[in-house]
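All values reported here derive from a predicted model rather than from experimental measurement.
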Amino acid sequence: MEKTEETNKPFQKELFFPLILSAVIIIVDQITKYLVVVSIPAWSVGYEFFGGALRIIHVYNPGVAFSIGSGMPSLFRSLVFGIIPAAVIVIILTIYFKSREFTTLQRWCLAAIIGGGVGNLIDRFFRPEGVVDFIDVAVYGFLGYERWPTFNVADSAIVVSITIMIISFIKTFVTEIKQKKKNGSGED
């Protein structure tokens, strides 16, 4: 029995340590949103940097990414954009704690996604106006946008972490294929 406890300790540390990042993201996300709300009037530009290429503004997003669903009825929007993301976070947490297959980098990315998801859920449940977005970046026609849709710290954590995870999964997949070829077996 002691062996089992000893062998689980490193895994437990590996599981819980990245969740510190989740907490940091939630805290930083909520602090930055609070500062925006108290210092910049809603629907206005507070600060501009680099000739307006970066602006700190105060807007609310009642929808999800790119304001999708912002025109839906309020109750329906609250249910769909509150309950579904909460369920996704619960699923991610379940997979996070049950699987031993993730690399350390992938665990940190999952922790960041959890933190970002919870940060935005706090807004969805406690801000009737919607999620506070405040980072506004000029993209000069990229993908048809003059300015990228406004975002926040939680959104950044989610997008960056998903991107890193995809790259990590691709790298792992390519490494496994190379290893199979090296071992001379191209079949499962």
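- Side-chain contact between R147 and V137: absent, with no pair of heavy atoms (C-beta onward) separated by less than 4.5 Å.
- The salt bridge (Lys or Arg N to Asp or Glu O under 4.0 Å) pairs that include a residue from residues 30-59 are D29-K33, K33-D123, R55-D136, where partners are two or more places apart or lie in different chains.
- Between F97 and L19 there is a side-chain heavy-atom pair separated by less than 4.5 Å.
- If you take CD on E129 and CH2 on W43, they are separated by 9.5 Å, rounding to the nearest 0.5 Å.
- A single hydrophobic cluster is seen to contain both L54 and I57, as judged by linkage of ILVMFWY side chains at heavy-atom distances under 4.5 Å, directly or through other members.
- Two residues are said to be in side-chain contact when any heavy atoms from C-beta on lie closer than 4.5 Å; Q30 and I122 meet this criterion.
- If you chain together hydrophobic residues whose side chains sit under 4.5 Å apart, V38 and V132 never meet in one group.
- Atom CG of L21 sits about 4.0 Å away from atom CD1 of I25, to the nearest 0.5 Å.
- Looking only at distances, a side-chain donor or acceptor of S22 sits under 3.5 Å from a matching main-chain atom of A111.
- Side-chain contact check for F134 versus V59: every heavy-atom pair is 4.5 Å or farther apart.
- For the salt bridge (Lys or Arg N to Asp or Glu O under 4.0 Å) condition, no pair includes a residue of residues 81-90, sequence neighbours left out.
- Considering every non-hydrogen atom in both A154 and G116, the closest pair reads CB-O, 3.2 Å.
- Between the R124 side chain and the V131 main chain, no donor and acceptor come within less than 3.5 Å of each other.
- Exactly one of Q179, K180, K181 qualifies for a side-chain contact (heavy atoms from CB on, under 4.5 Å) with I177. That residue is K181.
- The two residues I89 and G117 come nearest to each other via the heavy atoms CD1-C, 3.4 Å.
- Linking ILVMFWY side-chain heavy atoms closer than 4.5 Å, directly or via other members, places V159 and V88 in two distinct hydrophobic clusters.
- The closest side-chain heavy-atom distance from W108 to I164 is not below 4.5 Å.
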Determine whether W148 and I135 satisfy the following criterion, side chain to side chain contact (heavy atoms under 4.5 Å, CB included), listing intermediate values before the conclusion. CA-CA 9 Å; W148 195 252; I135 304 168; over 6 Å; no
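- Both F151 and F50 are part of a single hydrophobic cluster, where members link through side-chain heavy atoms under 4.5 Å apart.
- Using a 4.5 Å heavy-atom threshold, the side chains of T32 and N152 count as separate.
- Taking CD1 of I166 as the start and SG of C109 as the end, the distance is 10.0 Å to the nearest 0.5 Å.
- The nearest pair of heavy atoms linking A86 to L121 is CA-CD1, 3.6 Å.
- The structure places CD1 of I170 at 11.5 Å from OG1 of T175, a figure rounded to the nearest 0.5 Å.
- Although no hydrogens or angles enter the test, the distance criterion places a donor-acceptor pair under 3.5 Å between the side chain of H58 and the main chain of I40.
- Of all heavy-atom pairs between G119 and I26, the closest is N-CG1, 4.2 Å.
- For the pair P18 and Y96, the minimum side-chain heavy-atom distance is below 4.5 Å.
- Taking all atoms of both residues into account, the shortest heavy-atom contact from S168 to T103 is OG-OG1, 4.2 Å.
- Cation-pi check for R127 over Y60 is not met; the charged atom does not lie both under 6.0 angstrom from the ring centroid and within 45 degrees of its normal.
- Closest approach of E14 and F102 over heavy atoms only: OE2-O, 4.3 Å.
- Looking at residues two or more places apart in sequence or on another chain, you find no salt bridge (Lys or Arg N to Asp or Glu O under 4.0 Å) involving D155.
- No side-chain donor-acceptor contact under 3.5 Å links S99 to the backbone of I95.
- Hydrophobic clustering, with ILVMFWY side chains joined whenever heavy atoms are under 4.5 angstrom apart, keeps Y34 apart from V24.
- The environment of F17 atom CZ is sparse: at most 12 non-hydrogen atoms of other residues, nucleotides or ligands sit within 6.0 angstrom.
- Looking at M165 and L105, their side chains never come closer than 4.5 Å, going by heavy atoms from C-beta outward.
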